[in-house]
Amino acid sequence: MTSRVPGATGCQSLDVDALPIMIWMTDERGNRTWVNQCWLNFVGRTVEDGLASWTDCVHPEDLAGLLASCPNAIESGQTLNLGYRLRRH
């Protein structure tokens with residue numbers, strides 16, 4: 001089974017599970033709506049768990065800063081470029 005980015009067309013509708021990078025999507029409120037297989041493999045989660053409790057995968061020292069930065073970017077519609085560590089499965 002291949003994983004396509006939901007709603008993608010043309011060149012965006014490639015098999016993102018073949019890419020060696022972690023990819024995820026959020027809705028307008030910042031809730032994760034989709035993750036690719038590379039992300040799931042790295043954190044050792046199922047799709048359901050990965051969407052529901054993705055913050056459990058963030059390194060504890062990085063979580064507060066991440067959660068503090070996201071609402072401003074979501075509210076303003078600005079791009080957020082933020083580095084944080086994920087705990088590997």
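Side-chain contact check for L80 versus S69: some heavy-atom pair is nearer than 4.5 Å. Using a 4.5 Å cut-off on side-chain heavy atoms (C-beta onward), Q37 and L40 make contact. Contact of the W54 side chain with the T26 side chain is not registered, since no non-hydrogen atoms from C-beta on lie closer than 4.5 Å.
Taking CD of Q78 as the start and CG of N72 as the end, the distance is 11.0 Å to the nearest 0.5 Å. Atoms SG and CZ, from C70 and R29 in turn, are 15.0 Å apart once rounded to the nearest 0.5 Å.
The hydrophobic cluster containing I74 does not contain L67, counting ILVMFWY residues as joined when their side-chain heavy atoms lie under 4.5 angstrom apart, directly or transitively.
Residues passing the side-chain contact (heavy atoms from CB on, under 4.5 Å) test with R85, sequence neighbours excluded: H59, E61, D62. Partners of L86 by side-chain contact (heavy atoms from CB on, under 4.5 Å), not counting sequence neighbours, listed by chain and number: M22, W39, F42, V43, C57, V58, Y84.
No donor-acceptor pair closer than 3.5 Å links the side chain of N31 to the backbone N or O of L51. A side-chain donor-acceptor contact under 3.5 Å links R87 to the backbone of D56.
For the pair P20 and C38, the tightest heavy-atom approach, listed with the atom from each and the gap, is C-SG, 4.0 Å. Closest of all the heavy-atom pairs between R45 and S53 is NH1-OG, 2.8 Å.
Within a 6.0 Å sphere centred on CG of D27, heavy atoms belonging to other residues, nucleotides or ligands number more than 12.
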